[in-house]
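Written out below as structure tokens is the structure these notes cover.
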Amino acid sequence: MIDLKYLQNNFNEASAKLEKKGVEAKTLENLQNLFTKLKEANATLEASKAEQNSMSKLFGQYMREKRDVTELKAKVDANKEAMVPLQERAREAEEALFFIALAMPNFPDDSVPEGADENDNVELRKVLEPKTFTFKPKEHWELSEINGWIDFERGVKLAKSRFSVLRGEASRLERALINFFLDTNAQKGFIEHSVPFINNSTMLQGTGQLPKFEDDLFKIDDEDLYLIPTAEVPLTNLYNDEILSEKMLPLLMTAYTPCFRKEAGSAGRDTRGIIRQHQFNKVEMVAIAHPDKSQEIFEMMVQNASDILTALGLPHRVVELCHGDLGFSAATTIDLEVWLPGQNQYREISSISNTRDFQARRAKIRFKDGKKNRFVHTLNGSALAVGRTIVAIMENYQNEDGSIEIPEVLKKYM
RNA sequence: CGGGAGAUGUCAGAGUGGUCGAAUGUGCCGGUCUUGAAAACCGGUGAGGGUUAUACCUCCGGGGGUUCGAAUCCCCCUCUCCCGGCCA
């Protein structure tokens, strides 16, 4: 959630920032008005409550002194009745405010490049040269067919489209990758966690998936529970509604989880292969950081993900997202895109974001800064998406006959 | 899933309608004493909103109700523990 006090006190600056994320100035004016209204409503209500409280206290005193209370009771009854509409007004003001405030995206950092969509993202650097093939490299689904690695049809039979089954060597490769990722992250100080793959709505709201993106989530029938779309949700919300001591920071966490996404709105995109599935595996990094330290941790996380790709011998590029491509919760995001020779293009394999205090406000994650409580900064990033890494290995390590080499660093894991 | 008990500050634990944001112990912070530490003694010590700072409002698992007034009475929910069932 955005800082409403900041919006109120620096309206022009704030609205300029959010306009770049496609929020109309009108919406923000509305939000600002609602905030002002809420504060007024609360002030009036609280004054009335104060009066009620003091009269009630007096009432008790009269009773003890055995004095007559009829007159006082009449006053207190009248005030109580007058409070009803004030209460209603405050409740409505709060509801109206939160309805809009929870749908407001984060302020982008000042450093975020201008732009409308992914074409305006800024390439920061390329790492490793794509190798030149003496034959036409195949796409991963063709290679899958030759090696029997992925069973698309039976995955669909078991569930529905966009589900698949890995078999044999591919399945072992997946397991090896998960272990390699977790071990590497652990070496960088990220503590491994095993978390529930189902979380409740409060947690999903904390990280920003709810209420706005409910359609992207798989919900459990008749329960306030959702399959997690990323381990960012359970890891970040591990500290939901907590006040941490400053010396606990930074909390560096990593977890392997499956991720479940409805992929609503992406019909027709990446329908072949396992690039875009309803269920995929991912190893995630999450950091809960002191606000002064979040930038350096962000850079460390980007470097870590890039190092993993480098260790696997996978050519990739580091891309800074522009305003238009930035996600809902992110203040700044860097994507890693891996080279896929079969597709002849770079494809996203990791996305690392600093949400600053946006999620911390929603999830109420604070730390003690001396006497005061302050919101932490939360960061998240993939290291890495497992399925897409398999695709990348298949396409980059393919031989002319369709066989696939295993990267050197993974051999000890298989 | 069935039966029973419970949920209060860091923790333990009192409080069953007003003087309770909450006894007492413990932990933590500061001080006295000490060469230093421990012990002992003295003082401080929950959160959120609000204010320049006060005032003031809210919070005793969550929600609703009764009442002038609720930690305390009533209803619903959640969670924890114990017993039984089922089970990797």
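Values below: all heavy atoms of this structure, side chains included; hydrogens, waters and symmetry mates excluded. Residue numbers start from 1 in every chain, and the chains themselves are labelled A, B, ... in the order their sequence lines are given, proteins ahead of strands.
A salt bridge links A:K188 to A:D307: one of the charged nitrogens lies within less than 4.0 Å of a carboxylate oxygen. Under a 4.0 Å N-O distance rule, the pair A:K157/A:E153 does not qualify as a salt bridge.
Contacts classified as side-chain hydrogen bond (donor to acceptor under 3.5 Å, both in side chains) and involving residues 44-57 of chain A (residues at least two apart or in different chains) are given here: A:Q52-A:N79. Sorted by first and then second residue, the salt bridge (charged side-chain N to carboxylate O under 4.0 Å, His left out) pairs with a member in residues 351-370 of chain A read A:D3-A:R361, A:D109-A:R356, A:D241-A:R366, A:D357-A:R361, A:D369-A:R374; sequence neighbours excluded.
When Watson-Crick and G-U wobble pairs are counted only if both distances are under 3.5 Å, B:A23 pairs with no nucleotide at all. With a 3.5 Å ceiling on both atom-pair distances, B:A71 lacks any Watson-Crick or G-U wobble partner. Look at B:G2: its Watson-Crick or wobble partner, with both distances under 3.5 angstrom, is B:C83. B:C59: Watson-Crick or G-U partner is B:G46, with both key distances under 3.5 Å. Using N1 to N3 plus N6-O4 or O6-N4 for Watson-Crick, or N1-O2 and O6-N3 for G-U wobble, each under 3.5 Å, B:U32 pairs with B:A40. Judged by Watson-Crick or G-U wobble contacts below 3.5 Å, the nucleotide B:A7 has B:U78 as its partner.
When each of A:T230, A:T257, A:T389 is paired with A:K282, the side-chain hydrogen bond (donor to acceptor under 3.5 Å, both in side chains) condition holds for A:T230 and for no other.
When rounded to the nearest whole Å, the span between CG of A:N79 and P of B:C57 equals 13 Å.
Rounded to whole Å, the separation between the C1' atoms of B:C76 and B:C28 comes to 39 Å. Going from the C1' atom of B:U32 to that of B:U24 covers 24 Å, rounded to whole Å. Comparing B:U51 with B:A12, their C1' atoms are spaced 37 Å from each other, to the whole Å. Taking the C1' atoms as reference points, B:U45 lies 15 Å from B:A22, given to the whole Å. Nucleotides B:A53 and B:A70 place their P atoms 30 Å apart, quoted to the nearest Å. For B:A23 and B:G15, the C1' atoms lie 8 Å apart once the distance is rounded to whole Å. Only the C1' atoms considered, B:U16 is 16 Å distant from B:G6, to the nearest whole Å. Taking the P atoms as reference points, B:G25 lies 25 Å from B:G17, given to the whole Å.
Side-chain nitrogen and oxygen atoms of A:N53 include none within less than 4.0 Å of the OP1 or OP2 phosphate oxygen of B:C56.
Side-chain polar atoms of A:N304 and A:N185 form a donor-acceptor pair below 3.5 angstrom. There is no side-chain donor-acceptor pair under 3.5 Å between A:T332 and A:N354. Between A:Q398 and A:S403, the side chains place no donor N or O within less than 3.5 Å of an acceptor N or O (distance only, hydrogens not considered). A donor-acceptor contact closer than 3.5 angstrom is absent between the side chains of A:D224 and A:N200. Of the N and O atoms on the side chains of A:Y226 and A:E214, at least one donor lies less than 3.5 Å from an acceptor on the other residue.
Every residue meeting the ring pair (Phe, Tyr, Trp, His ring centres under 6.0 Å) condition with A:W339, not counting sequence neighbours, appears here in chain and number order: A:Y346.
Against RNA chain B, the stretch residues 358-368 of chain A makes heavy-atom approaches under 4.0 Å through A:R366, A:K368. Annotation: proximity of residues 82-103 of chain A to RNA chain B (heavy atom, distance under 4.0 Å) is found for no residue.
Contact detail for A:N106 and A:L18: the closest heavy-atom pair is O-CD2, 3.6 Å.
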What string of B, S and - do you get for nucleotides 60-76 of chain B, 5' to 3', if B is base contact, S is sugar-phosphate-only contact and - is no contact with any protein heavy atom under 4.0 Å? --------BS-------
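Comparing A:E51 and A:K5, the nucleotide of RNA chain B nearest to each residue sits closer to the 5' end for A:K5. RNA chain B is contacted by both A:I243 and A:A50; A:I243 maps to the nucleotide lying nearer its 5′ end (nearest heavy atom per residue).
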